[in-house]
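Just below is one structure, and these are the notes that go with it.
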Amino acid sequence: MKRLSALLLALGGAAVAHAAPPHYDVAAKFDPQGALDADVTITLSEGEAEKAFLLSDRFALRPMDLPPGVTMSVEPSTSPMPALNKYSFRFAAPTADPVKLRFRYAGPILTEHDSGNKPLRPEGYELFIDHMWFPVGADIQTRFTVDATIDGLAPDLVVVAQGDVTRTPTGVRIHRDFLDIDLPLVAMHGLQRAEAHGVEFYSRDLSTQLSGWYVKHAEGAARYFETMFGPLPRKVRMAHVWRDRSMGYARTAYTVLSEGGRNTPDITEVNPGRYVAHEIAHAWWMLASPLTDDFWLVESAAEYMSMRYVERAFGAEELAKNIAAKRDGTKDAGPVMGHGRPNRIQLYGKGPLLLLDLEHRIGRPAMDRLMIAMAKEPVHTTPVFLNHLTQIAGAEAASAFEKALHT
């Protein structure tokens, strides 16, 4: 299965062009076997001419009552993952009034494409955009606010989600007034809660060494980054779940970590420290498009900042080990830009090294001014980054860095 979360950490934060972003009203219900029955109303702002959404084809859509002047077409889609339906809506004429599109559908939450990231497991639910369980903007960049009522969640499930979360006798209510492209949720048995500066942390066992390291370094990274970028926009909720895959992912003020592949007896503190620092860094580095060259401004920037935290928390020797491993692993990485979205090695290896090389070229004080200026931008693109670099370090430094990105 193509993992959308490998593509989609560029979330939240940036304002869209419309006067008001789309708003989702979600009423969903799960039965004990995981069958989903959902009613989702999407309110689009004025001026829409055409809009398309993706939904897994395992869900049967009930007839839609379309607003006057709106037509819909449906076609199968295999992008950005298999087994989707694409619903395209066209409007007779742009209107100054909001338009409401209502999706009513039902079907199994589980699918053969779930791989190691099943949405329903014995421990409970883990839902996010990979499961295509709600109508996702076909551009995979449609950010929205949401009010959701989700029923069928047993009272002993601990729910971790974005925004204001209120348990009900049969489920949960979620109110999120900030933007994101996802509707992520963890609802699992036995999660314990810890709180530290900048983070709410949930794990099935807070007494483990790994949980302690995650909390310690989530707080440490938050404090360190705040000295540079200012206060965290929102406290980050972290859910530490158990599954075979080690994949983690970040959303706006929300991170899911996995025990898989990370909770071994020989693990050293620097590894979870670097990992959780990277996820905290996404509070500031998550505003570039996940589908273009510019995605290095999400992953490479967050990884560079995690390297800075490693140096502060563990010392120059540990940072040198990380740098050496990245240089060894990126000998044949190819250019970061010039071919569309960078691959994993380019994002997590070569891109951070290019930023480190830039720091050595212009000096850390200038690099800090550059990163601070860029973090304040509402949208992250390479031209914006190069413009700040030119102003801070000169045209020659910007030209050399741009060349390195394409080399």
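Please read all numbers here as calculations on a predicted model, not as lab measurements.
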What pairs with Phe30 under ring pair (Phe, Tyr, Trp, His ring centres under 6.0 Å), at least two apart in sequence or on another chain?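 Checked Phe30 against ring pair (Phe, Tyr, Trp, His ring centres under 6.0 Å); matches are Tyr125.
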Evaluate the ring planes of [X] and [Y], with Trp represented by its six-membered ring, and classify them as parallel (under 30°), tilted (30 to 60°) or perpendicular (over 60°).
X: Trp296; Y: Phe385; result: perpendicular
X: Phe53; Y: Phe103; result: perpendicular
X: Phe225; Y: Trp284; result: perpendicular
X: Phe134; Y: Tyr24; result: perpendicular

Could you give the side-chain donor-acceptor pairs of residues 393-407 under 3.5 Å, partners two or more places apart or in another chain?
from   : atom 1 : to     : atom 2 : distance (Å)
His406 : ND1    : Glu402 : O      : 3.0
Thr407 : OG1    : Lys403 : O      : 2.5

Throw together a table of side-chain donor-acceptor distances under 3.5 angstrom for residues 185-195, partners on residues two or more places apart or in other chains.
from   : atom 1 : to     : atom 2 : distance (Å)
His189 : ND1    : Asp156 : OD2    : 3.1
Gln192 : OE1    : Leu206 : N      : 3.2
Gln192 : NE2    : Arg204 : O      : 3.4
Arg193 : NE     : Tyr202 : OH     : 3.3
Arg193 : NH1    : Glu195 : OE1    : 3.4
Arg193 : NH2    : Glu195 : OE1    : 2.8
Glu195 : OE2    : Lys235 : NZ     : 2.5

Between Asp180 and Arg251, does any NZ, NE, NH1 or NH2 come within less than 4.0 Å of an OD or OE carboxylate oxygen?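 Not counted as a salt bridge, because no side-chain N and carboxylate O are separated by less than 4.0 Å.
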Does Arg223 pair with Glu226 as a salt bridge, N-O distance under 4.0 Å?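 The answer is no: the pair does not qualify as a salt bridge.
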Pairing residues for [X] by the side chain to side chain donor-acceptor pair (under 3.5 Å) criterion, not counting sequence neighbours:
X: Arg90; answer: Ser73
X: Asp294; answer: Thr382
X: Arg327; answer: Asp357

Student check: side-chain heavy atoms of Val26 and Val40 closer than 4.5 Å: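 Side chain of Val26 against side chain of Val40, heavy atoms only: contact under 4.5 Å found.
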Is any side-chain heavy atom of Phe128 closer than 4.5 Å to a side-chain heavy atom of Val256?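 Phe128 vs Val256: side chains apart.
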Geometric cation-pi criterion Arg234 and Tyr254, 6.0 Å radius, 45° cone: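 The answer is no, since Arg234 fails at least one limit relative to Tyr254.
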Under a plain distance cut-off of 3.5 Å, with no hydrogens placed, do Glu126 and His131 share a side-chain donor-acceptor pair?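 Not at all, the side chains of His131 and Glu126 share no donor-acceptor pair under 3.5 Å.
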Do other residues, nucleotides or ligands put more than 12 heavy atoms under 6.0 Å from the CZ atom of Arg104?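 For Arg104, atom CZ is crowded (more than 12 foreign heavy atoms under 6.0 Å).
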